[in-house]
Amino acid sequence: MENNKYLNMQQDVQAEQAEAEPEKKKRSLLRELFSLIEIFVVAFLLAQLMTRFVLINAEVPSESMENMIEPGDRLFGYRLAYTFGEPDRFDVVIFRYPVDETQNYIKRVIGLPGETVEIEDGKIYIDNAQEPLEEPYLPEQWVDDNDGYVFHVPQDCYLMLGDNRNISSDARFWANNALQDGVAKSKEDAEQYTYVKADQILGRAVLKYYPHFESLLSY
């Protein structure tokens with residue numbers, strides 16, 4: 001009799017465990033689901049913070065920076081690159097296009113604040129230097145719009161040129177673009193759109209990640 005009683009109790013316990021098992025599995029699955037959701041939410045917020053305050057995710061639409069960057073390449077720019085310093089000559093930077101700040105451009109820093117930059121027969125001279133800048137990054141001989149330009153870079157501004165200058169839309173043309181687009185009313189007014197102001201610079205191009213990984217800091 002005692003054995004039967006014990007057996008019945010054991011069977012009751014097993015029945016209760018069997019009934020509770022689906023509920024335990026359900027709670028376990030819910031815990032895993034909430035953990036995954038939490039991970040995704042944290043990852044999303046971190047990505048938003050990174051792209052808003054640290055990195056710029058950019059796609060290059062044109063050939064103006066060949067051979068360093070090809071059309072369709074995707075890259076990261078570092079927003080904090082100039083937090084404690086200023087752009088150097090030859091840095092490749094991402095900035096808001098002076099004529100239309102809704103567009104982001106990527107070009108190379110050529111002229112620094114306060115400098116006079118002259119373009120003569122495809123060569124660049126800074127502050128009446130006897131020797132031109134060495135520009136080993138140019139993909140081909142510069143033959144178009146390569147002479148007769150003199151730029152007096154204002155303080156707190158930079159002169160930007162593309163590497164592929166035979167087709168690049170850069171500082172040589174932005175004043176005319178401002179006039180044609182109706183942004184500027186006169187040639188004198190249009191001159192300001194030739195230069196990129198310091199606060200228009202979004203960051204320095206640091207890494208190409210598509211179609212392959214490549215550091216851009218050595219160019």
Side-chain angles (χ1 to χ4, degrees), residues 51 54-82 85-113 115 117-126 129 131-151 153 157-177 193-198 200-219:
T51 55
V54 181
L55 296 177
I56 309 163
N57 187 6
E59 182 174 357
V60 179
S62 73
E63 303 168 330
S64 69
M65 287 301 294
E66 287 181 331
N67 292 328
M68 176 187 179
I69 307 168
E70 307 286 342
D73 283 355
R74 296 197 66 89
L75 56 90
F76 284 129
Y78 184 41
R79 291 184 184 274
L80 305 180
Y82 304 118
E86 298 175 349
D88 291 321
R89 196 183 329 276
F90 305 128
D91 284 359
V92 176
V93 300
I94 302 168
F95 56 91
R96 293 191 293 272
Y97 174 39
V99 180
D100 178 2
E101 293 198 23
T102 64
Q103 300 183 52
N104 291 345
Y105 274 27
I106 178 167
K107 305 289 180 189
R108 193 179 294 274
V109 176
I110 297 299
L112 302 178
E115 291 184 338
V117 180
E118 297 181 64
I119 299 175
E120 296 179 7
D121 195 23
K123 303 293 183 183
I124 293 178
Y125 299 85
I126 306 294
E131 295 296 325
L133 289 182
E134 292 187 14
E135 299 190 280
Y137 43 77
L138 298 184
E140 61 185 13
Q141 185 178 358
W142 181 11
V143 295
D144 292 336
D145 295 291
N146 70 348
D147 190 66
Y149 290 93
V150 180
F151 301 99
V153 186
C157 290
Y158 297 84
L159 181 77
M160 307 288 188
L161 296 178
D163 288 357
N164 194 0
R165 292 183 192 150
N166 292 320
I167 61 169
S168 177
S169 173
D170 51 39
R172 293 169 292 168
F173 311 110
W174 293 343
N176 284 335
N177 291 351
Y193 297 99
T194 298
Y195 308 100
V196 175
K197 298 175 183 176
Q200 292 172 322
I201 294 176
L202 300 175
R204 184 178 182 185
V206 293
L207 178 70
K208 182 163 62 176
Y209 67 86
Y210 178 86
H212 55 266
F213 281 95
E214 182 181 359
S215 172
L216 301 176
L217 297 180
S218 59
Y219 284 88

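Numbering of residues begins at 1 and proceeds along the displayed sequence. The analysis underlying the following values was restricted to heavy atoms, covering all of them including side chains, and did not include hydrogens, waters or symmetry mates.
The salt bridge (Lys or Arg N to Asp or Glu O under 4.0 Å) check on Glu134 picks up nothing, with sequence neighbours excluded. Evaluation of the salt bridge (Lys or Arg N to Asp or Glu O under 4.0 Å) rule for Glu70 yields no partner, not counting sequence neighbours. Applying the ring-ring contact (aromatic ring centres under 6.0 Å, His included) test to Tyr193 and every residue at least two apart in sequence or in another chain returns nothing. Listed by chain and residue number, nothing satisfies the salt bridge (Lys or Arg N to Asp or Glu O under 4.0 Å) test with Glu120 (two or more places apart in sequence, or in another chain).
Taking all atoms of both residues into account, the shortest heavy-atom contact from Tyr125 to Ala129 is CD2-O, 3.3 Å. Nearest heavy-atom pair, Ser64 versus Ser168, reported as atom, atom and distance to 0.1 Å: CB-OG, 3.6 Å. Between Ile69 and Ile106, the shortest heavy-atom contact is CD1-CD1, 3.5 Å. When all heavy atoms of Val99 and Trp174 are compared, the pair lying nearest together is CG2-O, 3.5 Å. For the pair Tyr105 and Ser169, the tightest heavy-atom approach, listed with the atom from each and the gap, is CE2-O, 4.0 Å. The shortest heavy-atom contact between Leu112 and Pro87 is CD2-O, 3.9 Å.
Note that the CG atom of Leu217 and the OH atom of Tyr78 stand 11.5 Å from one another [nearest 0.5 Å]. Glu140 contributes atom CD, which lies 4.5 Å from atom CG of Asn166 (distance to the nearest 0.5 angstrom). Between the CD1 atom of Ile94 and the CZ atom of Arg79 there is a distance of 8.5 Å, given to the nearest 0.5 Å. Rounded to the nearest 0.5 Å, atoms CG (Leu161) and CG (Leu138) are 9.5 Å apart.
Under the 4.5 Å side-chain criterion, counting only non-hydrogen atoms from C-beta, Leu159 is not in contact with Val109. With contacts defined as side-chain heavy-atom distances shorter than 4.5 Å, the pair Asn164/Met65 does not qualify. Counting heavy atoms from C-beta outward, Ile124 and Ile119 have side chains that approach closer than 4.5 Å. Side-chain contact between Asn104 and Tyr97 is absent, with no heavy atoms from C-beta onward closer than 4.5 Å. You'll find the side chain of Pro98 reaches within 4.5 Å of the side chain of Val196, heavy atoms only. Using a 4.5 Å heavy-atom cutoff, the side chains of Leu133 and Ile110 are in contact. Looking at Tyr158 and Glu86, their side chains come closer than 4.5 Å, going by heavy atoms from C-beta outward.
Taking a cutoff of 4.0 Å between a charged side-chain nitrogen and a carboxylate oxygen, Glu101 and Lys197 do not qualify as a salt bridge. The existence of a salt bridge linking Asp170 and Arg172 is confirmed by a sub-4.0 Å separation between a basic side-chain nitrogen and an acidic carboxylate oxygen.
Without hydrogens or angle criteria, Asp91 side chain to Asp88 main chain gives a donor-acceptor distance under 3.5 Å. Looking at Asp121, its side chain never comes within 3.5 Å of a backbone N or O of Gly148 through a donor-acceptor pair. With hydrogens and angles ignored, the 3.5 Å screen pairs a side-chain donor or acceptor of Asp100 with a backbone N or O of Thr102.
For Tyr137 and Asn67, the side-chain atoms include no donor-acceptor pair closer than 3.5 Å.
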For this session: Could you walk me through whether Val92 and Arg204 pass side chain to side chain contact (heavy atoms under 4.5 Å, CB included), step by step?
Result: CA-CA 6 Å; Val92 176; Arg204 184 178 182 185; 5.9 Å; no
Exercise. Taking it one step at a time, do Gln141 and Arg165 satisfy side chain to side chain contact (heavy atoms under 4.5 Å, CB included)?
Worked result: CA-CA 9 Å; Gln141 185 178 358; Arg165 292 183 192 150; over 6 Å; no
For this session: Could you give me the CA-CA distance, side-chain angles and deciding distance for Ile126 and Val117, then say whether side chain to side chain contact (heavy atoms under 4.5 Å, CB included) is met?
Result: CA-CA 5 Å; Ile126 306 294; Val117 180; 3.7 Å; yes
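The aromatic rings of Phe151 and Tyr195 sit perpendicular to each other, their planes meeting at more than 60°, with 30° as the lower class boundary.
Among residue pairs with one or both ends in residues 207-219, those qualifying as salt bridge (Lys or Arg N to Asp or Glu O under 4.0 Å) are Asp73-Lys208, Lys208-Glu214; sequence neighbours excluded. Within the structure, the salt bridge (Lys or Arg N to Asp or Glu O under 4.0 Å) test picks out the following pairs touching residues 103-113 (sequence neighbours left out): Arg108-Asp163.
Of the options Phe213, Tyr209, Tyr210, a ring pair (Phe, Tyr, Trp, His ring centres under 6.0 Å) to Phe76 is made by Tyr209 and by none of the others.
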